[in-house]
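Notes follow the structure.
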Amino acid sequence: MLFVRRERRASDPAVKRGGVMTNKPIRWAIWMFATAALAVALALAGRYGAGYTVFVIPPWRIEMSMIMFFLLIIALGGLSYFAVRLSIRAAELPQQLRQQKREREKARLLADLHNSLGALFSGRFDDAEKLAKRAMSAKEDVEDGGEDLRHLATALAAWAAHEGGNLPAALPYLETIQSSRSANMRDASKAYMLLAEGRAGEALPVLQALAEKDPTNIGVLKMKVEAEIAARAWGDVLQTLGPLKRTGLIPAAAADAIRLNAEVELMKSRPAQRDSLLDAWRKLDTAIRYQPVLVDTLAARLIALGLGNDAVAVLEETIDRLTGEQWSPQLLVRYAQAKSDSTLAQIERAEGWLRQQPRDAALLAALGKLCMRQALWGKAQSYLEASVALAPSLDAHMTLARLMEQTGKPQEAMRHIRRSAELANQDQRGRAESVAE
């Protein structure tokens, strides 16, 4: 506590003023003592000094006492000192005036920047742009970072124009910034505005260059991922997502969703070759490989290529791993579509899943379709009727209608067709209401 109190006394303005007041009398006393000593010395020299000086400039002759000579020397020295000081001040005056002008200009520039920022964050975008433009017009002789301040004003004008909806004016502002020190600010702002205008293709090269300069810039990486998704550059999305996820500044769930979407899109665009599709799927880590949406995409491509056995194998491997919330009815629909060499084996596998999920309507409908393919009409009807009893669906009723037609029951077929039409109408009305909301 004693140390703190001393520090406060030392930093107190009153103490500082007291120190100045204490020092001034001492200095004045020293000056008075020195003046008195000089006066005594001159008086003694004048009393006891008998010497004199003579200046001869023919035809003139000047004589004076030594004391007078010394007084003249002192007077001339003082006059010379003041003359030199006056000359120096006169020579420095233009520079001081220019410095004062620069300081006033810089103060005005800073005030305009401050007011422009305030207007921008207050939503007064037109005022913010006008103030920033006035700051941009600062004189070229503003020193001490004046150029950087003008570039900051230019960026503020661009942001104000962008936020105010004046998009055509925003990018030209940024194009005027040519300093290397402000290049990152210019390019990041440009990329953001291009993305906001839906011009991801133009923003992507800018963001790639920024990411090369600073691979750890989180803001740049986020915009880069967004641009790559918009440009459907899914391979680049996966490369950018890795370092972005490691920073921990993006939620893991969001990163996983982006990665899954990228893998699904890559699976859709891969060459239509069995080995290429399956090898790419096998190389994925388990958390992604068995995601239902990805497996469904892979199975659909294999079925389209006529590779039913491979599609069935992939679906069975995945469905065996799914439990609880991971259970996917869509995979069961796809499993019923896949045609393998042994439909009976598929039926047995599906009946094994039914023992684990006895009230799953999608599984019952899939079993009904498989039994129809194997011409097991009775089992197919029982499975399909159990499915619509649990959860009526358009697909199950249409499948029942086809079954009734094949078994010679046209009236039952028409009943299921009418029920399918009702469900289709209900689904259409539900979509219309959701769009209206």
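As the structure is a computational prediction, the values presented were derived from the model and not from experiment.
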Out of K101, Q99, E105, which one pairs with E103 under the side chain to side chain contact (heavy atoms under 4.5 Å, CB included) rule? Q99
Would K224 and D236 count as a salt bridge (charged side-chain N to carboxylate O under 4.0 Å, His left out) if you check the C-alpha gap in whole Å, the side-chain angles of each, and the deciding distance to 0.1 Å? CA-CA 9 Å; K224 187 169 180 283; D236 295 334; over 6 Å; no
State, with a plain yes or no, whether a side-chain heavy atom of M414 is found less than 4.5 Å away from one of M404. no
Decide yes or no on side chain to side chain contact (heavy atoms under 4.5 Å, CB included) for L244 and I218, but give the supporting numbers first. CA-CA 7 Å; L244 183 59; I218 306 303; 4.0 Å; yes
How about V225 and I229: do any of their side-chain heavy atoms sit closer than 4.5 Å? yes
Going from CG on L207 to CD on E202, what distance comes out if it is rounded to the nearest 0.5 angstrom? 12.0 Å
Side-chain H-bond candidate by donor/acceptor type, Q95 with R98, under 3.5 Å: no
Report yes if some heavy atom in the side chain of L171 is under 4.5 Å from a heavy atom in the side chain of L194; otherwise report no. yes
Side chain to side chain, K213 and V220, heavy atoms closer than 4.5 Å: no
Should we count CD of Q96 as having more than 12 external heavy atoms under 6.0 Å? yes
Taking the side chain as everything from C-beta on, heavy atoms only, tell me whether K190 gets closer than 4.5 Å to E175. yes
Take H162 and F125 through the test side chain to side chain contact (heavy atoms under 4.5 Å, CB included) and record every step on the way to the result. CA-CA 9 Å; H162 171 72; F125 303 120; over 6 Å; no
Pairing of R289 and E263 as salt bridge, 4.0 angstrom limit: no
Check the pair W353 / L332 against side chain to side chain contact (heavy atoms under 4.5 Å, CB included), numbers first and verdict last. CA-CA 10 Å; W353 298 329; L332 300 171; 4.1 Å; yes
Give a yes or no answer on whether the side chain of N309 reaches the backbone of D341 with a donor-acceptor pair at less than 3.5 Å. yes
Could you walk me through whether V264 and K268 pass the side chain to side chain contact (heavy atoms under 4.5 Å, CB included) test, one step at a time? CA-CA 6 Å; V264 169; K268 291 179 180 178; 3.9 Å; yes
Using a strict cut-off of less than 4.0 Å between a Lys/Arg side-chain nitrogen and an Asp/Glu carboxylate oxygen, indicate whether R108 and D112 qualify as a salt bridge. yes
Tell me if a side-chain donor or acceptor on E226 pairs with a main-chain N or O of K222 at a distance below 3.5 Å. no
To the nearest 0.5 Å, how far apart are CG in N261 and CD in Q291? 12.0 Å
Please report the interatomic distance CG(L294) to CD(E265), rounded to the nearest 0.5 Å. 11.0 Å
Under a 4.5 Å cut-off applied to non-hydrogen side-chain atoms, are H151 and R181 in contact? no
Kindly state each residue pair satisfying ring pair (Phe, Tyr, Trp, His ring centres under 6.0 Å) with at least one member in residues 263-287, sequence neighbours excluded. W281-Y290
How close do S387 and L364 get, heavy atom to heavy atom, and via which atoms? CB-CB, 3.8 Å
Check ion pair E351-R355 (N to O, under 4.0 angstrom): no
Supply the atom-to-atom distance L278 CG to L307 CG, rounded to the nearest 0.5 angstrom. 8.0 Å
Rounded to the nearest 0.5 Å, how far apart are CG of N184 and OG of S189? 10.5 Å
On a heavy-atom basis, which atom in Y173 and which in A161 lie closest, and how many Å separate them? CE1-CB, 4.1 Å
Closest non-hydrogen atoms of L384 and A396, given as atom of the first, atom of the second and distance, are CD2-O, 4.5 Å
N/O donor-acceptor pair under 3.5 Å between Q346 side chain and Y335 backbone: yes
Shortest non-hydrogen contact between A380 and L403, atoms and distance: C-CD2, 4.1 Å
Over all heavy atoms of both residues, which pair between R373 and A338 is shortest? Give the atoms and the distance, please. NH1-O, 3.1 Å
Between S182 (side chain only) and Q178 (backbone N and O only), is there a donor and an acceptor less than 3.5 Å apart? no
Is there a side-chain contact between I347 and C371, using heavy atoms and a 4.5 Å cut-off? yes
D256 versus K245: any side-chain heavy-atom pair under 4.5 Å? yes
Which atom of M223 lies closest to which atom of L195, heavy atoms considered: O-CD1, 3.6 Å
Is there a salt bridge (charged side-chain N to carboxylate O under 4.0 Å, His left out) between R402 and E405? Walk through the geometry before answering. CA-CA 5 Å; R402 291 195 300 271; E405 288 179 352; over 6 Å; no
Would the distance check show the side chain of R301 and the main-chain N or O of R270 forming a donor-acceptor pair, the cut-off being under 3.5 Å? yes
Could you tell me the separation between the CZ atom of R134 and the CG atom of L109, rounded to the nearest 0.5 Å? 10.0 Å
